[in-house]
Amino acid sequence: MTPRRFESDAATSPNLRFEKGVPMVARYTRRETHLMSINSKEIDPASPSARSTVPLQPGGLSGFSIGAVGMLISAIIWLIGARWTVDGLVVMFNAVLHFFNTNYQAPIPPHVLVYVCLSPIPLAFSAVEWHVPIRREKSVWHFAPLGDWAVWTTVLFFDWYTSYLGLGVDPGPDAMTFMRQLSASIIPRVLVSAILTAGPEWLAREMWARLYYVFTGKRK
């Protein structure tokens, strides 16, 4: 009776074809149902495709120790970079004085009080560099306004350039051989100044996120 019913439908549906007494529509329907049953099988949670790729972040005492030591390392690197940033600022100050044909030149390296008085400048640089104008949250990229990008890139470049100038200051004959070689080499100065510019803030952000996870159990 079933083939008759489809044969009667064939009169009104000229595109309906039969193969071995079975309508082609029925054959494709069975095939699609079979594929759907295969795709609807549960995925084994232990299979590699079902495993998440959440980064390993130990908690407890181990996580706190890693975060605290990492923040300390970041602070030490920042102090070293801030020292050469101030040296670079003094070099730029002397260049401005020379441009206006003045006879005075500030001593370089400067007195320790100069480092203390000018320390808010590298602090301000780091405060701007801390907030990167691009962020990814829940697989969605967020971009800051164009003005934020302009300020961030300008401060980042100026911070790098002052560090580069500061590394080029002659450390004196009593300094370590490495420091004398570094001050006389362009490419190593470029690389080291880049690390001193972006490294402390990056490491501090990573360690701050780890400490946040240790105390709250949530990932930033």
- Could you tell me whether a side-chain N or O of R135 sits under 3.5 Å from a main-chain N or O of W141, the two making a donor and an acceptor? no
*Among the clusters formed by ILVMFWY side chains lying less than 4.5 Å apart, do L211 and I77 turn up in the same one?*
yes
Nearest heavy-atom contact between P120 and C117 is CD-O, 3.3 Å
Discussion item. A side-chain contact here means heavy atoms from C-beta on lying under 4.5 Å apart; do Y115 and P110 qualify?
Written reply: yes
Interatomic distance, CD1@I108 vs CG@L165, rounded to 0.5 Å, equals 9.5 Å
| query | How about I187: does its CD1 atom have over 12 heavy atoms from other parts shown lying under 6.0 Å from it? | reply | no
Here the gap from W84 atom CH2 to L79 atom CG, rounded to the nearest 0.5 Å, amounts to 12.0 Å
- Query: Is there a side-chain contact between D148 and H131 (heavy atoms, below 4.5 Å)?
  - Reply: no
Open item on the list: Are F157 and L167 connected into the same hydrophobic cluster when the rule is that any two of I, L, V, M, F, W, Y join if their side-chain heavy atoms are below 4.5 Å apart?
Closed with: no
In short, Y164 meets V190 closest at the heavy-atom pair CE1-CG2, 3.8 Å
>> Measuring only between side-chain heavy atoms, which start at C-beta, is Q105 closer than 4.5 Å to H98?
In response: yes
- Message: Between L97 and N94, is the side chain to side chain contact (heavy atoms under 4.5 Å, CB included) condition met? List the steps.
- Response: CA-CA 5 Å; L97 294 177; N94 286 337; 4.2 Å; yes
Distance col, row W208:CH2 vs Y212:OH, nearest 0.5 angstrom, shows 9.5 Å
Value for CG (L182) from CG (L191), rounded to nearest 0.5 Å, stands at 10.0 Å
ILVMFWY cluster, V69 and I76 together (side-chain gap under 4.5 Å): yes
**Message:** With heavy-atom distances below 4.5 Å as the criterion, would you say the side chains of S183 and V169 are in contact?
**Reply:** no
One should read off an interatomic distance between W78 CH2 and T197 OG1, to the nearest 0.5 angstrom, of 12.5 Å
*Are the side chains of I73 and M207 in touch, meaning some heavy atoms are under 4.5 Å apart?*
no
Notebook entry, point to check: Does L123 share a hydrophobic cluster with L156, counting links as ILVMFWY side-chain heavy atoms below 4.5 Å and allowing steps through other members?
Noted result: no
Note: L203 and G70 closest approach over all heavy atoms is CD2-O, 3.6 Å
Given side chains that start at C-beta, do those of R83 and P109 come closer than 4.5 Å, heavy atoms only?
yes
(message) Under a 3.5 Å distance rule, please check whether S193 uses its side chain to pair with a backbone N or O of R189 as donor and acceptor.
(response) yes
Query raised in the report: Are Y161 and V86 co-members of a hydrophobic cluster defined by side-chain heavy atoms under 4.5 Å apart?
Result: yes
ask   = Would you find a donor on one side and an acceptor on the other, under 3.5 Å apart, between the side chain of T85 and the backbone of T162?
value = no
In this structure, OG1 of T153 is separated from CD of E129 (nearest 0.5 Å) by 11.0 Å
